[in-house]
Amino acid sequence: MEGAASAEKRSVEDFRVRVHGGPHPLRAGSEGGATTFGRDDDAGWAPRPPDDANASRRIVAHFDVDAFYSQVEELRDPRLRGRPMAVTQKFLIVTANYAARSAGLKKLMSTTKAKALCPEVALVSGEDLTPYRACAKKVRAALERFGTCEKLGLDECWVDLTAEVDRRIAAGGPASDPPLVGHRHSSEHVVESDNAHRPMDIRAVDPERTNASDGVHHPVPPRCEDGADPDANPDVSDPARERRLRVGAAIAAEARDAVRSATGLRMSAGIAHNKMLAKLVSGLHKPDDQTTLPAGVAAKLVSPLPVRALPGVGHGAERTLVHRGVRTAADLRRVTRSEVCEWLGPRVGRKVHDAAWGVDREEVAPKPAPNFVTCEDSFRSCTTWSSVDAVLAVIAPDLLARMDEEYEDEVERTVGAGALIPAGRAARTLTVKWRDVGPGGKGTGWSRSSASTTMPTLANDRSIDAKRRADALREAATRVLRSELTRGFDLRALNVGAGNFEPKAVTLNKRPGVEAGCVSGSSGIDVGTGRAAPHGSAFAAMNARRDYDRGGGRMSKTEERALSERERGLGGGVFGGGLNGGGGGESSDVFAEPLRDQDEDEEDGDSFYADLADVQRSSAMPSIGRVQSLVPRKRGAEQASLLSFFKGPSKR
DNA sequence: CTGGGGTCCT
DNA sequence: AGGACCC
C-alpha cells in the first residue's frame with residue numbers, strides 16, 4: 001500500500017484528468033493513477049450468497065445532491081458560481097465545488113492546504129446548517145412524490161420506486177417500456193476511488209476508454225461468481241427485471257428534474273434492486289447524472305471493493321477485518337458468515353456479509369422525527385468558567401432555534417396527517433457533551449464526555465421571552481458542567497442537545513374522512529390539561545406515536561425496553577410545558593432582533609432565494625470562532641468580540 | 001489547523 | 001455514558 005503522502009501529492013493532477021476527460025490513468029496497480037479496484041475478483045472459491053427472496057421486484061433509487069453545501073452557497077451568492085469555492089467549518093473544507101475539486105481540493109482537507117493548492121479559492125463558512133436544512137427539506141418534498149423516501153444526512157435520500165414502476169408497467173404505453181436513461185453499469189466497467197482515505201467514494205471507469213488504445217473495444221468474458229448460476233452471463237439478465245430497472249431509471253430522471261426545478265440543485269442517482277446497491281452506484285457518474293445497476297452485475301461490482309467501501313464497515317470493523325487478512329469484499333465471501341459475525345458482532349456481521357454479495361434486505365423506511373437535536377461549537381481553547389458561559393451564550397439560543405424548528409416540523413407532520421391538534425415536541429432531557437484535553441493540555445484526546453439532566457421547563461416554553469428560555473438552558477448546562485469538570489479543564493468543543501421528547505399529543509379527533517395513517521383507536525392525552533386521558537396511558541401515547549412514525553409494525557427488543565423504561569419514568573403521564581401551544585407558536589419573537597442588518601443583495605424575484613434569505617435572517621447566530629473567509633461576511637459586533645476572545649494563543 | 005450534525009447498539 | 005457508524 002502506498003503512503004498517504006504520495007497519494008495526496010498526485011491527487012491534484014489526477015482529478016483534473018478525470019474531470020475534464022483527459023487521458024485516463026493506468027489501470028490497477030498504476031503508479032500515477034487513483035486507487036483502482038481491479039478486475040481480479042475471480043480468484044478462489046465462492047460459497048453461496050445469502051438468500052434474498054425479494055431481490056428482483058423492488059426498485060430502489062438513491063439520490064445524492066452533488067457537493068450539497070457548495071451548491072447551496074452558490075445559489076445564495078451567485079458571485080461564487082463558476083469560481084473555485086469551498087465550504088468550511090472551522091479549519092476544514094467540508095465540501096468543495098467542482099472547480100475547486102479540479103484544483104485538488106477534497107472533503108475534510110484543512111483550509112491551509114486548500115489555500116496552498118488553490119490560492120484563489122473562495123471559502124465560505126458553513127458552520128450554521130440552517131440554510132442547508134431548509135434546502136434539504138425542499139429536496140425531499142420534491143422526491144416524495146415518486147415514492148417512499150428515506151433520508152440519510154441532509155443531502156442523500158433513498159426512494160422506493162417499486163410502486164410507481166408497477167403503476168407505469170400496468171398502465172402500458174411507452175412509459176411502461178422506456179429506453180434506458182443515464183448510464184448502465186456493466187461487468188466491463190472498472191471502478192475506482194480517487195481518495196485513498198475514502199475508498200467508498202467510487203466512480204466508474206469508462207470501459208471504452210480503458211480499452212481504446214487501438215480504438216477497438218475488447219470485451220473481457222464476464223464470469224458470474226455469485227453462485228446462483230455459474231454459466232449465466234451477468235450482462236444478460238432477466239428481461240423483465242431489466243425492464244423494471246429501465247422504468248425506474250426514467251422515474252429517477254424525472255425526480256432529478258423535479259428537484260432541479262424546485263430548488264435549482266443538481267443531483268446524482270443510482271437505480272438498483274436494493275438500497276445498498278443503489279447507493280453504491282449513485283456516485284459512479286457524478287455529477288448530475290445517474291447510473292443503473294443490472295441485477296447480474298452486482299456481484300462483479302462489489303467483489304473488488306475494499307471492505308471499507310461496504311456500508312457498515314467503518315474504521316473499527318476495517319481494522320478488525322484487515323487484521324485477519326480480509327481486505328476486499330471478495331475476501332469476505334471466502335470466510336463464513338458465522339466467522340464474520342464472531343469478529344464484528346452478529347448484527348454488523350450479518351449486514352457486512354450480505355453486503356459482500358450485494359444483498360441488502362433493508363426496506364426504504366422513512367425516518368421518524370429526530371430523537372435529538374444538538375448544537376455545537378469548537379474552539380482552540382477554553383479554560384475558564386467565564387469562557388464556558390460565553391460559549392453557552394452562543395450555543396443555547398442556537399439550540400432553542402433548533403427545538404423550535406423541530407416543533408414547526410412536527411406541526412407540519414401532524415397537521416398534514418389530519419391531526420387537529422399540533423403535536424407537542426417538548427424535550428425532557430438536556431445533554432451536554434464536551435471534548436476536554438485536560439488542565440495541562442493532556443487528556444482524553446479526541447473522545448468526548450457527556451452528561452445529562454432534566455430539561456428546564458422554561459426552555460420548552462415558547463410563550464415566554466427567548467432570553468429567559470436561553471438563560472434557563474444555560475444555567476442547567478452550566479450546572480452539569482460544574483459537577484463534571486471538578487478539576488481544571490481545557491475544552492476544545494462544547495455541545496448542548498435536547499432530546500428524549502415527550503410523547504406527542506395524540507389527536508382526540510381527526511378530520512372527517514382523513515385517514516392519513518395517523519393514530520388509530522388509541523386514546524390519548526387531554527389537550528386541556530396535558531395529562532393522560534382517563535383510559536389512556538403513556539404507553540398508549542407512545543404506541544400511537546410509534547405507529548404513526550413508522551406506519552405500524554413490530555417493535556424491536558430495544559424499542560420495547562426503551563418504551564417500558566419511559567413508561568415507568570412517566571409516572572402518571574404528566575406532560576409539562578410543551579402543550580401550551582396557544583399563542584406561543586410565533587417563533588418570530590425569538591428572532592425579533594435581526595442578527596445581521598446588512599442588505600443581503602436580494603436575488604431578483606426568485607422565490608427560492610427569497611426563502612433562503614428568510615432563513616438567513618431568522619437563523620441562529622453563527623458560531624463563534626469563525627474562520628475569516630475570502631468572501632467576507634460581516635460579523636455582528638457581539639460575535640466579533642467573542643472571536644477575539646477565543647483567538648488566544650494556541651496550545652500547540 | 002480534526003465539522004457539526006445525526007443514528008443505533010452495548 | 002460511550003462507542004461505532006453514517007453524512
Side-chain angles (χ1 to χ4, degrees), chain A residues 62 64-65 67-69 86-95 107-116 123 125-130 132-133 136 150-158 197-198 200-201 275-276 279 282-283 308 310-320 344-349 351-352 362 365 367-381 395 398-399 402 405-406 429 431-435 437 444-453 480 484 492-499 556-559 561-562 620 622-623 625-627 647 650-652:
Chain A
H62 178 262
D64 187 338
V65 183
F68 179 47
Y69 291 3
V87 176
T88 62
Q89 286 168 343
K90 296 296 178 311
F91 301 106
L92 270 188
I93 305 291
V94 289
T95 186
K107 220 178 260 196
L108 300 190
M109 201 168 74
S110 78
T111 53
T112 313
K113 187 166 181 187
K115 283 188 247 184
L123 299 183
S125 165
E127 284 150 26
D128 179 359
L129 304 187
T130 314
Y132 312 133
R133 261 184 234 114
E150 174 180 347
K151 74 167 185 151
L152 182 62
L154 288 179
D155 66 329
E156 292 186 19
C157 213
W158 283 285
H197 299 99
R198 299 187 55 85
M200 60 290 270
D201 293 346
K275 281 168 60 175
M276 179 209 124
K279 182 168 161 58
S282 69
R308 184 66 229 272
L310 302 176
V313 180
H315 278 116
E318 181 189 33
R319 254 208 334 275
T320 304
L344 304 180
R347 202 189 149 88
V348 175
K351 182 178 170 175
V352 166
E362 291 299 311
K367 288 273 185 275
N371 295 319
F372 266 92
V373 292
T374 68
C375 279
E376 179 174 328
D377 202 2
S378 62
F379 24 82
R380 275 203 178 297
S381 178
I395 293 185
D398 275 8
L399 182 62
R402 273 297 286 133
E405 228 180 282
E406 210 23 62
T429 305
T431 302
V432 185
K433 295 189 202 200
W434 62 94
R435 197 195 311 139
V437 295
T444 42
W446 284 98
S447 73
R448 285 155 185 267
S449 307
S450 68
S452 59
T453 184
V480 169
E484 295 286 329
R492 297 302 150 96
L494 198 51
N495 176 304
V496 289
S556 72
K557 281 198 175 134
T558 311
E559 281 173 317
R561 183 163 31 83
S623 301
R626 281 211 312 191
V627 184
K647 258 197 163 165
S650 144
K651 291 271 174 193
R652 210 161 274 243

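Every chain is numbered from 1, with letters handed out A, B, ... down the list of sequences. Because the structure is predicted, anything quoted here is derived from the model rather than measured.
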Contact class for [X] vs. all strands (heavy atom < 4.0 Å): base, sugar-phosphate, or nothing?
X: Ser110(A); result: nothing
X: Asn495(A); result: nothing
X: Arg435(A); result: nothing
X: Lys279(A); result: sugar-phosphate
X: Arg198(A); result: nothing
X: Val313(A); result: sugar-phosphate
X: Gly126(A); result: nothing
X: Arg402(A); result: sugar-phosphate
X: Phe68(A); result: nothing
X: Ala493(A); result: nothing

| field | Basic-acidic side-chain contact under 4.0 Å: Asp377(A), Arg492(A) | value | no

In whole Å, I'd like the distance from the [atom1] atom of [X] to the [atom2] atom of [N].
X: Leu494(A); N: dG3(B); atom1: CG; atom2: P; result: 15 Å
X: Asp377(A); N: dG5(B); atom1: CG; atom2: C1'; result: 13 Å
X: Glu376(A); N: dG6(B); atom1: CD; atom2: P; result: 10 Å
X: Lys90(A); N: dG5(B); atom1: NZ; atom2: P; result: 9 Å
X: Arg492(A); N: dT2(B); atom1: CZ; atom2: P; result: 11 Å
X: Lys107(A); N: dG4(B); atom1: NZ; atom2: P; result: 16 Å
X: Gln89(A); N: dT2(B); atom1: CD; atom2: C1'; result: 11 Å
X: Glu127(A); N: dG5(B); atom1: CD; atom2: C1'; result: 13 Å

| said: Do Thr374(A) and Lys433(A) have side chains that approach each other closer than 4.5 Å (heavy atoms only, starting at C-beta)? | reply: no

| field | Distance test, side-chain N/O of Ser378(A) to OP1/OP2 of dT2(B), below 4.0 Å | value | no

| query | Any stacking of Trp446(A) on dT2(B), going by centres under 5.5 angstrom and planes within less than 30 degrees? | reply | yes

| said: When you measure from the side chain of Trp158(A) to the backbone of Lys275(A), do you find a donor-acceptor pair of N or O atoms at a distance under 3.5 Å? | reply: yes

Applying side-chain hydrogen bond (donor to acceptor under 3.5 Å, both in side chains), can you list everything that pairs with [X], at least two apart in sequence or on another chain?
X: Thr429(A); answer: Asn500(A)
X: Arg402(A); answer: Glu405(A)
X: Arg448(A); answer: Glu376(A)
X: Arg198(A); answer: Asp201(A)

| note | Applying salt bridge (charged side-chain N to carboxylate O under 4.0 Å, His left out) to Lys279(A) and not counting sequence neighbours gives Glu156(A)

| remark: Per nearest nucleotide of DNA chain B, the residue lying toward the 5' end, Lys433(A) or Gly345(A), is Lys433(A)

| query | When the nearest nucleotide of DNA chain B is assigned to Leu92(A) and to Arg347(A) on a heavy-atom basis, which residue is associated with the more 5' position? | reply | Leu92(A)

| note | At a 4.0 Å cut-off to heavy atoms of chain A, the contacted part of DNA chain C spans dA1(C) to dC7(C)

